[in-house]
Student: 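Supplied in C-alpha cells, the structure appears directly below.
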Protein chains: 2
Amino acid sequence: MPQPQIITESNARQKTLQWLESLQSNGYRLTSSRRAVVEVLATADQSLTAADLYRIGLERHKRLGLVSVYRTLEKLEELGLVQRVHRPDGCHAYISALEGHQHLLLCESCGRVEIFRGDNLKEFSRRLEGASGFEIHEHWLQFFGLCSQCH
Amino acid sequence: MPQPQIITESNARQKTLQWLESLQSNGYRLTSSRRAVVEVLATADQSLTAADLYRIGLERHKRLGLVSVYRTLEKLEELGLVQRVHRPDGCHAYISALEGHQHLLLCESCGRVEIFRGDNLKEFSRRLEGASGFEIHEHWLQFFGLCSQCH
DNA sequence: AGAGTTATTGAAAACAGTTTTCATTATACA
DNA sequence: TGTATAATGAAAACTGTTTTCAATAACTCT
Ligand SMILES: [Mn+2]
Ligand SMILES: [Mn+2]
Ligand SMILES: [Zn+2]
Ligand SMILES: [Zn+2]
C-alpha cells in the first residue's frame with residue numbers, strides 16, 4: 001500500500017481567476033454576486049455551506065442574495081470546479097473539486113479539508129464486485145477527525 | 001489485503017423481536033406505530049427513508065403517522081439498533097446498525113444494501129494521521145453501483 | 001459611448017424534509 | 001378496572017433549497 005499523499009493547495013488567487021474565466025468562457029456573465037462566491041470559495045481551506053458562503057460573501061458584495069449563492073454553486077458544480085461534501089450531521093458543504101481520484105480528510109471542529117491519494121481501493125473494489133455480484137460505479141472514502149490546530 | 005467478506009442477513013424475524021424487546025427493556029412502551037416501523041425496517045434488505053417506512057408501515061398500522069416514524073427511528077438510533085446512511089443525492093435512509101467495523105455497498109437503483117468487512121484501512125489511517133497531523137476518529141467507506149438484479 | 005437584448009438578480013412565495021406543539025388516546029402497572 | 005402518563009397524530013413551525021417574477025445589470029452591436 002502506497003503512502004497517503006497530501007495534496008498541497010495550488011495558488012488560491014490563480015484558482016479564483018481560473019474559475020471566473022471558466023464561467024465566462026462557458027457563456028456565463030461575470031457579475032458581482034458570482035465574483036463574491038468564487039473569491040470566497042476558491043480561497044477557502046475549509047468546506048463551506050451555502051449559508052457560510054452567503055454570510056462571508058456579503059462582506060464583498062453588500063447586495064448578495066442567498067439565491068445567487070445556490071445558483072453560482074450550481075454552475076460551478078456543472079463545470080466540475082467544485083463539489084459537494086457530505087458531513088455526518090447530514091449537512092452539505094462545498095469545496096474545490098478534486099482532481100482525478102482523491103479522497104477527503106475533514107476536521108469535525110473547524111471544517112478544514114485535506115485531500116489525499118493512495119487509498120489503493122481499486123483492487124479491493126474488484127474483489128468486492130466478484131463477491132457481491134454488484135457492478136460498482138464509485139466509492140466514497142472520507143476520514144473525520146480533528147486537525148492539528150483543533151486538538 | 002483480505003478478501004471482502006459479505007455479511008449474511010441474520011434471521012429477520014428474530015431481529016424484529018430483539019428490537020421490540022430492546023425498546024421495552026429501556027422503558028419505552030410497545031405501541032402499534034413502533035411495531036409497524038420495527039417490523040418493516042428489521043426485515044428489509046434495502047435502505048429505507050422515513051417516507052418509505054411511513055408508506056410501507058401504513059399497510060400494517062392504518063393510523064400510523066409520519067411523525068411516529070421519525071420518533072421511532074430516533075429511539076432505535078439511540079439504542080444503537082439502526083443507523084443512517086448518506087446517499088450521493090443527499091437523501092437519508094436507514095438500515096440495521098452495523099456490528100463492529102463494517103462497510104456498505106449500496107445499489108443506486110433499488111437501494112439494496114450489502115455489508116462487508118475487510119477494508120484494511122486501519123494501517124492506512126495511521127499513516128494518514130502521521131502525514132496530516134490530524135487525529136482521526138472515524139471513516140466512511142461506501143461503494144455505490146448496481147446490484148445483480150438491477151443490471 | 002449609447003441603445004438594445006437578454007442573462008442575472010434578489011424578494012417573496014413555494015416546496016421538501018424534519019421537528020415541535022398540543023389536545024387526545026392507549027399503554028403499563030397498581 | 002382504574003389511574004398515571006408516555007405516546008400518538010394533526011397541524012403548525014422550522015430549515016434548507018428551488019421557483020417565480022419584475023427589475024436590473026452585463027454583454028453586443030453599432
Ligand atoms: Mn478511492
Ligand atoms: Mn473501514
Ligand atoms: Zn480543525
Ligand atoms: Zn438493485
Side-chain angles (χ1 to χ4, degrees), chain A residues 19-41 47-79 82-94 111, chain B residues 19-41 47-79 82-94 111:
Chain A
W19 290 11
L20 291 175
E21 192 182 354
S22 178
L23 283 167
Q24 197 166 40
S25 68
N26 279 82
Y28 296 119
R29 295 182 181 176
L30 251 49
T31 67
S32 314
S33 299
R34 284 179 181 155
R35 261 180 236 276
V37 173
V38 164
E39 284 171 11
V40 173
L41 189 50
S47 61
L48 298 172
T49 63
D52 290 336
L53 285 165
Y54 175 57
R55 188 175 30 78
I56 305 172
L58 270 178
E59 294 166 15
R60 289 171 179 271
H61 176 45
K62 210 161 176 305
R63 315 180 78 92
L64 179 63
L66 176 57
V67 191
S68 288
V69 174
Y70 280 107
R71 287 192 279 226
T72 302
L73 286 171
E74 192 177 284
K75 265 85 183 170
L76 293 174
E77 198 170 18
E78 167 199 324
L79 296 175
V82 309
Q83 72 175 46
R84 206 188 272 225
V85 306
H86 299 253
R87 297 182 179 167
D89 61 15
C91 147
H92 296 145
Y94 288 83
Chain B
W19 291 11
L20 290 174
E21 193 183 351
S22 179
L23 282 167
Q24 197 166 41
S25 69
N26 279 83
Y28 296 118
R29 295 182 181 176
L30 251 48
T31 67
S32 314
S33 301
R34 284 179 182 157
R35 260 180 238 278
V37 173
V38 164
E39 283 171 10
V40 173
L41 189 51
S47 61
L48 298 172
T49 63
D52 290 335
L53 285 165
Y54 174 57
R55 187 174 31 78
I56 304 171
L58 270 178
E59 295 165 16
R60 290 171 180 269
H61 176 47
K62 212 166 174 300
R63 314 180 80 92
L64 178 63
L66 177 57
V67 192
S68 288
V69 174
Y70 280 108
R71 288 192 277 226
T72 302
L73 286 172
E74 192 178 285
K75 264 84 183 169
L76 292 174
E77 198 170 17
E78 168 198 323
L79 296 174
V82 308
Q83 71 176 47
R84 206 188 271 225
V85 305
H86 298 253
R87 296 180 180 169
D89 61 16
C91 148
H92 297 147
Y94 287 83

Student: Could you please name the option among dC27(D), dT8(C), dG9(D) that lies closest to any side-chain atom of Gln24(A)?
Tutor: dC27(D)

Student: Expressed in angstrom and rounded to an integer, what is the separation of Lys62(B) atom NZ from dA26(C) atom P?
Tutor: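 Checked: the NZ to P distance equals 15 Å.
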
Student: Is the CZ atom of Arg63(B) crowded by more than 12 outside heavy atoms at less than 6.0 Å?
Tutor: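 Not buried by this count: 12 neighbours or fewer within 6.0 Å.
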
Student: Answer yes or no: side-chain N or O of Arg29(A) and base N or O of dT6(C) forming a donor-acceptor pair under 3.5 Å.
Tutor: yes

Student: Surrounding CD of Gln83(B) (heavy atoms of other residues, nucleotides or ligands, distance under 6.0 Å), is the total greater than 12?
Tutor: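 More than 12 heavy atoms, drawn from other residues, nucleotides or ligands, come within 6.0 Å of this atom.
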
Student: Where the side chain of His92(B) is concerned, which of dT8(C), dT18(C), dA7(D) is the nearest nucleotide?
Tutor: dT18(C)

Student: For Glu21(B), does the CD atom have more than 12 heavy-atom neighbours from other residues, nucleotides or ligands under 6.0 Å away?
Tutor: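 No, because the 6.0 Å sphere around CD of Glu21(B) holds 12 heavy atoms or fewer from other groups.
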
Student: Which sits closer to the 5' end of DNA chain C, Tyr28(B) or Gly65(A), going by the nucleotide each is nearest to?
Tutor: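 By nearest-heavy-atom nucleotide position, the 5'-most residue is Gly65(A).
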
Student: Rounded to whole Å, please give me the gap between CG in Leu64(B) and P in dA26(C).
Tutor: 14 Å

Student: So, the side chain of Asp89(A) versus the backbone of Cys91(A): is there a donor-acceptor pair under 3.5 Å, distance only?
Tutor: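 Yes: the side chain of Asp89(A) pairs with the backbone of Cys91(A).
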
Student: Reckon Ser33(A) has a side-chain N or O less than 4.0 Å from the OP1 or OP2 of dG10(C)?
Tutor: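 Yes, such a contact exists.
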
Student: Separation of Asn26(B) atom CG from dA6(D) atom C1', in whole Å?
Tutor: 15 Å

Student: Nearest-Å distance, CG (Leu58(B)) to P (dT8(D))?
Tutor: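 Leu58(B) atom CG is separated from dT8(D) atom P by 14 Å.
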
Student: How many whole angstroms separate atom OH of Tyr70(A) from atom P of dA11(C)?
Tutor: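 The distance from OH of Tyr70(A) to P of dA11(C) comes to 15 Å, rounded to the nearest Å.
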
Student: Using only side-chain N and O atoms of Arg63(B), determine if any of them is under 4.0 Å from OP1 or OP2 of dT8(D).
Tutor: no

Student: Whole angstrom is fine here: how far is it from OH in Tyr54(A) over to P in dA11(C)?
Tutor: 7 Å

Student: May I have the distance from Arg34(A) (atom CZ) to dT24(D) (atom P), rounded to whole angstrom?
Tutor: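 It is 19 Å, rounded to the nearest whole Å.
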
Student: Would you say a side-chain N or O of Thr31(A) is under 4.0 Å from OP1 or OP2 of dA26(D)?
Tutor: no

Student: Are Ser47(A) and Arg87(A) linked by a side-chain donor-acceptor pair shorter than 3.5 Å?
Tutor: yes

Student: Rounded off to whole Å, could you give me the CG-to-P distance for the Leu66(B) and dT20(C) pair?
Tutor: 14 Å

Student: If only side-chain N and O atoms of His61(B) are considered, is one of them under 4.0 Å from the OP1 or OP2 phosphate oxygen of dG9(D)?
Tutor: yes

